[in-house]
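First comes the structure, then the notes that go with it.
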Amino acid sequence: MRLTIYFLIILPLIIFVSKPSYSGEDAVILAMKLECGGNSAGRKPYNDYFFALTTDYTFQGNRYWIGKNKYEGDVGLNIFSGVRTHKSLLIKGEGKWLKKTSKDWKLQFISKGNKSMFEHLEAGIEGFEGKDKWRRECKLVLLNKVKAGDAIQLNSYIKIIDRQKKEIKTYNDTYEKDLENTKNKYNKNIENLDKQISLLKTQNDEKNLEIIKLNKEINIAENNKKLENKFSDLQNQFKIIEQELNNLEKINLKLNQDLDKQRITEEKLNKKLFSFPEERELKKVDSLLNGIDEFIKIFPDKFSLIQKESISELEDEISKLKEMIISNPTSSDLEEWVINLKSAQITLNYLNSYKESLEEKNQILELIALKNELDIILDPLVKNIIDK
């Protein structure tokens, strides 16, 4: 915005300065540059600027400077005067110090050809300053130009420009103030938004904590549900185990009862088994066998007859009794079987033959083995019942 205003103000001046329209009678103010090189006296080159007034045929200008070193406190002057003809432009100048501490010196510039004043000046005019060792090669260069009448009105333009500058300043101040207010307003809004964002973040964190808490409660509830289900399963399993335990107790009671019966039966059997005069009978049988051995040597054919009669049937009966006793040690007929076995064995013991005596001896030994077998069979049963 400010650049636009400046452009609108300066644009007429740019057009006025850069594209002037001059007539032959118009006086023009020139901005000139004087360029001079060094001299053999050891003076350094210099450049300076000055204003000049020109028409299509005349040139007038001047410049001054403040002296230094030995010219300290003095003022130097250059006065230029020129005339243009159809052959050339000749500009002469005079240099002097106001306090006349040195002689005056001359300057001269010339541009040949049938040209206008501005064509000569715009191309640059070569010349010199001083003489002898003080001589310098110089050049006049046109920098800019403006109509004198327009320059006189420049003060009005300057006033207008000053007024517009003040307006611009006022506008800029207002603009900057509005900008500052707008900036403060936006900053305030941003600050409020930051606060709202911070508050929302806090609320979000709180909600997250609530969600975490709810998740924990849900997990606890799920675990409780699982525990309830597990407890229910355990209760059902306990009922099953309790039922099985009752059944086992019943079985145990029955086994104990059977054990008692078995123990009573075993005691009776032991009494009957151990009531046999084992050692005395064995000695008797051994004595008998010794006699029968002699009998067999003398009458071997008699032994085979005895062996093929009732002895075989008696042996079969004894075998059956033994098988029944071993296979059914808890039978209620066990006592009767044992009595029958004893009777059969007693009968067999008194047969008058080698077979009879030998069988009696074997039966007695088998009864002893039977008792041992019964012990082997009954002991694990008793132990198993006791363990249960």
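- No more than 12 heavy atoms of other residues, nucleotides or ligands sit less than 6.0 Å from atom OH of Y64.
- Taking the side-chain contact (heavy atoms from CB on, under 4.5 Å) definition, one finds that N229 meets it with K225, sequence neighbours left out.
- In this structure, CG in D48 is found 4.0 Å from CZ in R63, a value given to the nearest 0.5 Å.
- Minimum heavy-atom separation, F50 to N62: CB-O, 3.5 Å.
- Both Y46 and F80 are members of a single hydrophobic cluster when ILVMFWY side chains are connected at heavy-atom separations under 4.5 Å.
- Contact of the L77 side chain with the L98 side chain is registered, since non-hydrogen atoms from C-beta on lie closer than 4.5 Å.
- Counting heavy atoms from C-beta on, the side chains of E335 and I339 come closer than 4.5 Å.
- Of the candidates V28, L30, I29, I29 is the only one forming a side-chain contact (heavy atoms from CB on, under 4.5 Å) with L53.
- Closest heavy-atom contact between S81 and Q60: OG-NE2, 3.1 Å.
- Listed here is the closest heavy atom pair of S88 and K112: CB-CA, 3.8 Å.
- Counting only heavy atoms from C-beta outward, the side chains of L209 and K213 never approach each other to under 4.5 Å.
- Hydrophobic clustering keeps L140 apart from I110 (ILVMFWY residues linked when any side-chain heavy atoms are closer than 4.5 Å, directly or through intermediates).
- Among all heavy-atom pairs drawn from C36 and R136, the shortest one is CB-CD, 4.1 Å.
- Put simply, CD on E72 and CG on N69 are 7.5 Å apart, with the number rounded to the nearest 0.5 Å.
- Rounded to the nearest 0.5 angstrom, N187 CG and E180 CD are separated by 8.5 Å.
- The line from CD of E126 to CD of E137 is 8.5 Å long, rounded to the nearest 0.5 Å.
- Legend: residues meeting side-chain contact (heavy atoms from CB on, under 4.5 Å) with K92, ordered by chain and number and at least two apart, are L90, Q108.
- Note on I326: it clusters hydrophobically with I318, by side-chain heavy-atom contacts below 4.5 Å among ILVMFWY residues.
- Remark: E206 CD to L199 CG distance equals 8.5 Å, nearest 0.5 Å.
- Under a hydrophobic clustering in which Ile, Leu, Val, Met, Phe, Trp and Tyr are joined whenever their side-chain heavy atoms come within less than 4.5 Å, directly or via other members, I125 and V141 fall into different clusters.
- Not counting sequence neighbours, the partners of L214 by the side-chain contact (heavy atoms from CB on, under 4.5 Å) test are E217.
- At a threshold of 4.5 Å between side-chain heavy atoms, the hydrophobic network of Ile, Leu, Val, Met, Phe, Trp and Tyr places F118 and L34 in one connected group.
- Annotation for W105 and G130: closest pair CD1-N, 4.2 Å, computed over non-hydrogen atoms.
- Proximity of N189 to K185: side-chain heavy atoms (C-beta onward) are separated by under 4.5 Å at one or more points.
- Sparse packing is recorded around CD of E323, with 12 or fewer heavy atoms of other residues, nucleotides or ligands lying under 6.0 Å away.
- For E129 and K131, the salt-bridge test fails: no basic side-chain N is under 4.0 Å from an acidic carboxylate O.
- T55 is not listed as a side-chain neighbour of M117, based on a closest heavy-atom distance of 4.5 Å or more.
- In this structure, E336 contributes its side chain and D333 its backbone to no donor-acceptor pair below 3.5 Å.
- Between the D74 side chain and the G67 main chain, no donor and acceptor come within less than 3.5 Å of each other.
- Looking only at side-chain heavy atoms (C-beta outward), S198 and D194 stay at 4.5 Å or farther from each other.
- Closest heavy-atom contact between N78 and L107: ND2-CD1, 3.5 Å.
- Using a 4.5 Å heavy-atom cutoff, the side chains of L121 and M32 are in contact.
- Ring geometry, W97 versus Y71: the interplanar angle falls under 30°, so the pair is classed parallel (tilted spans 30 to 60°).
- Proximity of a side-chain donor or acceptor of N39 to a complementary backbone N or O of G42 within less than 3.5 Å is detected.
- The pair K145-E122 counts as a salt bridge, with a side-chain nitrogen and a carboxylate oxygen less than 4.0 angstrom apart.
- Note that CD1 of I220 is 11.0 Å distant from CG of N215, once rounded to the nearest 0.5 Å.
- Under the 4.5 Å side-chain criterion, counting only non-hydrogen atoms from C-beta, F109 is not in contact with L89.
- Within the 3.5 Å criterion, the main-chain N or O of G73 finds a donor-acceptor partner in the side chain of K99.
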